[in-house]
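Step one of this worksheet: look at the structure below.
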Amino acid sequence: MAFFGSLRDKAFNTFSQVLSDTNKGANNVELTRDQVFCHTYNIPDDEVLICESAVEIKITSGYSHDAYNNNSQNEALPQGRLYLTPHFLIFRDAYDRKNCSFTLHLSTIKKVERSSSSDYGFALTIITYSRLNITLYLVGIRSDSEKFAQNLTISLKKNLPNVNKLQPFIQTCYSEYLLSKNNISSEKIDHMPSGGLGLMFKFPGNAKEAKDKTKLKMWFDLFRADGRNLSVIRRPIFYKLIRVGLPNRLRGEIWELTCGSMYLRYENQGEYLKLLEDNKDKKSFAIEEIEKDLNRSLPEYAAYQSNEGIERLRRVLTAYSWKNPEVGYCQAMNIVVAALLIYTSEEQAFWILNVLCDRIVPGYYSKTMYGTLLDQRVFESLVQNTMPMLWEHITKNDIQLSVVSLPWFLSLYLSSMPLVFAFRILDIFFMQGPKTLFQVALAVLKQNGEELLKTEDDGAFISIIKDYFLSLDQSAHPNSPNPKFKNITKFQDLLITAFKEFSTVNDEMISHHRNKHRDTIYQNITTFVKRTEIRNLPKTNNISSEVLEVLYDRFYSEVEISSNITKGSGSSLMDYNSFLKFMSEICDWVQYIDCASEKHFLRRLFNNWDSEKQGALTFGDLITGLNKLVESDLMASISNFFDLYDVKQNGKLDSESILQVSEDLLYITSPWKEGLLLDDITKTNIENEVADEVFKNQVESGDGININLPQHVDVNREKIEQQQIERYLRAASTFIQRAFEYAQPDDEQLLIKELAIDEKISHNAALNPNTPVVLNLPTFRMVILADETYELLFSHTLRESTHLGRPLDSRFNPMRNLRDMFDGLLADGRKVASKVRIRMDSRASNMNNNGSSNNSIKSGKSKSDAGAEDEERDDDFGIISIDENDKNLLLGTEAQALVDPVKVEGSSASPKELQKFHDAEEEARKHGHKNATKDGFTENLIEFEQ
């Protein structure tokens with residue numbers, strides 16, 4: 001059931017995590033300013049905005065004397081906003097983000113000094129380890145500029161411990177190695193950084209045709225002029241170089257830079273290896289699923305037909321499953337990670353996967369694939385809006401567009417088109433986010449629109465798209481007389497269509513459509529998960545399918561409240577506190593107080609139902625336990641209760657367990673023992689008293705034919721209430737007596753020997769702690785069945801007081817006072833009328849036999865009346881009449897002692913009588929009760945069981 005628990009849990013998690021680039025998250029909850037800021041600039045979520053300022057900047061490089069601006073009088077400096085967080089200095093151009101921006105980690109800043117300027121009142125010069133010289137001309141009130149400079153100084157000082165991480169980190173960056181190898185950088189790089197599997201098994205595609213060396217040289221020039229990795233300046237050339245395709249050796253580093261995972265890798269150096277080491281040889285459901293998919297991950301690539309590739313993939317997926325157990329491992333994750341590892345190291349792939357699942361496409365890689373399904377609905381809406389003719393054709397022919405497009409989104413096109421082209425899509429995807437997936441998908445349909453309009457079924461639709469993907473390297477215009485157009489491939493044409501014609505498909509539009517369809521998708525998924533999980537539950541003979549649905553909703557409503565699902569930290573497991581609340585809402589006998597003790601009955605239930613012994617219950621655990629709790633078969637119900645205390649599973653309860661059973665029976669029966677609820681014996685007594693009153697009125701009125709039930713009958717409420725209270729206390733007292741009376745010795749020979757030594761203590765042998773006794777299941781059943789109250793408890797009362805199908809919004813208070821329940825007994829008068837009819841018939845019979853009814857009327861109930869009443873009670877409760885001789889044989893010679901009444905506080909009992917039950921229980925606890933087994937008792941018990 002772990003799978004379906006996880007399945008349902010992920011539906012909640014992804015529902016709360018799907019975020020747009022606007023200021024809203026799931027459920028339209030406004031994000032904080034800091035959260036929006038972190039998402040916008042792809043920095044870690046724990047960053048907070050300290051201060052900001054308007055600024056103009058000037059950038060030069062120590063490796064190139066060409067300034068970013070030519071400093072001519074007519075050329076204006078870039079203007080924008082400068083932001084400071086505890087670990088970052090961020091600039092964004094006020095007019096166009098792509099014109100100039102940077103995200104500098106404070107660890108890369110080597111020097112900050114004030115600059116003199118005749119045109120600006122306040123200026124700072126920043127020098128980075130990559131020899132970038134950035135002059136900041138702060139615009140505004142001087143006091144604000146001074147405050148910004150002061151905050152920058154404070155942040156730099158606080159960040160000093162992180163500076164030590166810089167040197168080990170840049171050793172892992174190929175950009176640093178590239179400059180160092182060419183004697184441009186003064187940084188000493190000991191060896192070439194580890195890279196992806198492509199270094200060993202070759203990169204997809206033809207490097208020469210892709211002009212890989214040319215691209216690498218262009219990035220080399222960019223790094224020299226604009227910095228690299230943690231201190232790169234992003235200007236138009238940066239985005240252009242990504243659009244034309246990244247060089248193989250730099251692809252992984254640029255991916256992690258653009259998506260922001262580089263900052264996580266820097267801050268958490270060593271965590272990846274620590275996760276693997278700390279969880280070495282551990283097993284989990286996620287790891288089992290990973291093993292199944294390892295050999296199905298990009299099998300067309302040579303690395304995944306070797307141990308080297310499989311091992312790298314296994315390690316990354318396993319580490320992530322331990323890093324984020326709420327997600328663990330999900331469908332298609334293996335394909336994405338396998339693709340990442342071609343160009344990245346294991347650690348780089350691990351942190352990219354974190355950002356991918358948590359921020360870029362939340363909900364794509366989950367048990368429900370909620371994020372993907374939501375985006376499929378968004379995609380359909382976009383097709384409807386941008387290509388209405390095609391959409392009309394799709395709906396007219398009942399073509400399932402999501403069947404076609406789902407793999408594109410889920411595998412980021414990696415399983416749909418040749419890898420060499422899919423990686424080009426990924427280059428742009430990591431740069432500009434999920435809108436890339438929509439733009440490319442729309443372009444695919446647009447490029448094949450004419451042919452798709454000729455299709456009439458899903459198969460033909462899919463076939464056209466598949467053939468198109470396989471021909472992406474072919475000319476888009478083979479018959480064009482213009483060589484320029486003739487050389488444009490279908491893939492290039494696809495990108496032009498995607499990013500030109502569908503440039504209006506932006507983050508805001510996608511967010512709007514997500515918000516529009518989110519609730520519908522969520523409801524569909526939760527309904528599906530609910531039905532699936534219920535269908536896969538163990539068989540429950542005592543719980544109907546309708547009640548299971550109610551319990552499902554109640555279970556997950558408690559789980560949601562206790563685990564803060566809305567923040568994405570939800571769980572499909574119910575802890576003990578949630579279990580207490582759950583049980584208090586469905587069981588009349590649960591008192592939600594003082595339940596923390598490990599020996600408490602509810603804690604015992606919780607531990608017994610916890611099949612995995614993980615300190616929490618799955619939905620399957622809870623249902624299996626409740627099915628036993630409301631068992632309709634009397635013998636099975638008693639056996640289930642016995643099993644709760646048979647911790648050694650040897651079919652025996654020791655003295656301590658017997659006492660614990662007695663305490664728990666007192667707890668369970670508290671509502672009846674305290675007069676808060678009625679059991680069926682009490683209800684029958686009330687009905688009998690009402691029937692007597694009605695019969696008396698019938699006799700006085702002389703109407704022997706029609707039975708008229710009054711609207712209200714006064715009965716002796718105090719008497720009936722007291723009878724029930726005394727009966728439950730007597731049942732508890734006699735249970736202990738009977739249990740130890742007929743418990744068997746652990747060592748029978750030793751007990752017999754002790755009894756033979758001194759006959760004076762034979763009757764107190766049970767008090768000897770050196771001769772412990774045990775109670776087996778047959779004897780336990782006998783003790784329960786010997787008491788009318790406890791027999792009723794296990795056959796009817798406990799089950800009827802557990803309301804599994806109670807609606808979630810019910811505000812019913814089960815603990816009503818006994819007095820409030822009397823007036824409703826006449827609502828259904830059939831039983832009372834039946835009892836009155838028996839009395840009337842008996843009276844008529846006596847009149848026929850004796851010629852008069854005066855004697856029976858004056859003397860109250862006759863013997864035949866009493867017999868009829870007893871018979872009616874037996875029919876009501878299903879009590880088997882036992883002959884007195886058989887009863888004595890079954891219970892032994894001391895049967896009379898077992899039915900000795902016990903009074904309660906507030907009754908007419910003496911103080912000595914009130915103390916009787918408490919003294920018996922305390923004495924048993926001190927000495928550990930045991931008693932000799934009567935000769936022939938075992939044989940009689942076997943006959944009784946049969």
Please identify which of these residues, Tyr174, Tyr301, Phe423, Phe430, meets the ring-ring contact (aromatic ring centres under 6.0 Å, His included) condition with Tyr343. Phe423
Basic-acidic side-chain contact under 4.0 Å: Asp212, Lys208: no
Specify the closest pair of heavy atoms between Leu132 and Ser231, including all atoms of both residues, with the distance to one decimal. CD1-O, 3.1 Å
Any carboxylate oxygen within less than 4.0 angstrom of a Lys/Arg side-chain nitrogen, looking at Glu187 and Lys181? no
State, without any angle test, whether Ser115 and Thr125 hold a side-chain donor-acceptor pair at a distance under 3.5 Å. yes
Flag the pair Arg228 / Cys173 as yes when at least one side-chain heavy-atom distance between them is below 4.5 Å, and no otherwise. no
Measuring only between side-chain heavy atoms, which start at C-beta, is His513 closer than 4.5 Å to Asp375? no
Under the criterion ring-ring contact (aromatic ring centres under 6.0 Å, His included), which of Phe429, Phe502, Phe499, Phe409 is the partner of Phe438? Phe409
What's the verdict on salt bridge (charged side-chain N to carboxylate O under 4.0 Å, His left out) for Arg235 and Asp226, showing C-alpha distance, side-chain angles and the deciding distance? CA-CA 9 Å; Arg235 54 192 183 99; Asp226 290 337; 2.4 Å; yes
Tyr364 pairs by side chain to side chain contact (heavy atoms under 4.5 Å, CB included) with which of Leu437, Leu356, Val336? Leu437
Could you tell me whether the side chain of Glu176 and the main chain of Gln171 form a donor-acceptor pair under 3.5 Å? no
Decide yes or no for Phe220 and Asn182: does some side-chain heavy atom of the first lie under 4.5 Å from some side-chain heavy atom of the second? yes
Val36 versus Thr40, closest heavy-atom pair with distance: O-OG1, 2.7 Å
Are Asp493 and Lys490 within salt-bridge range, i.e. N to O under 4.0 Å? no
Distance from Gln432 atom CD to Lys98 atom NZ, nearest 0.5 Å? 6.5 Å
Are Asp45 and Arg359 within salt-bridge range, i.e. N to O under 4.0 Å? yes
Regarding Glu347 and Gln269, is there a side-chain donor-to-acceptor distance under 3.5 Å anywhere? no
Salt bridge flag under 4.0 Å for residues Glu113 and Lys111: yes
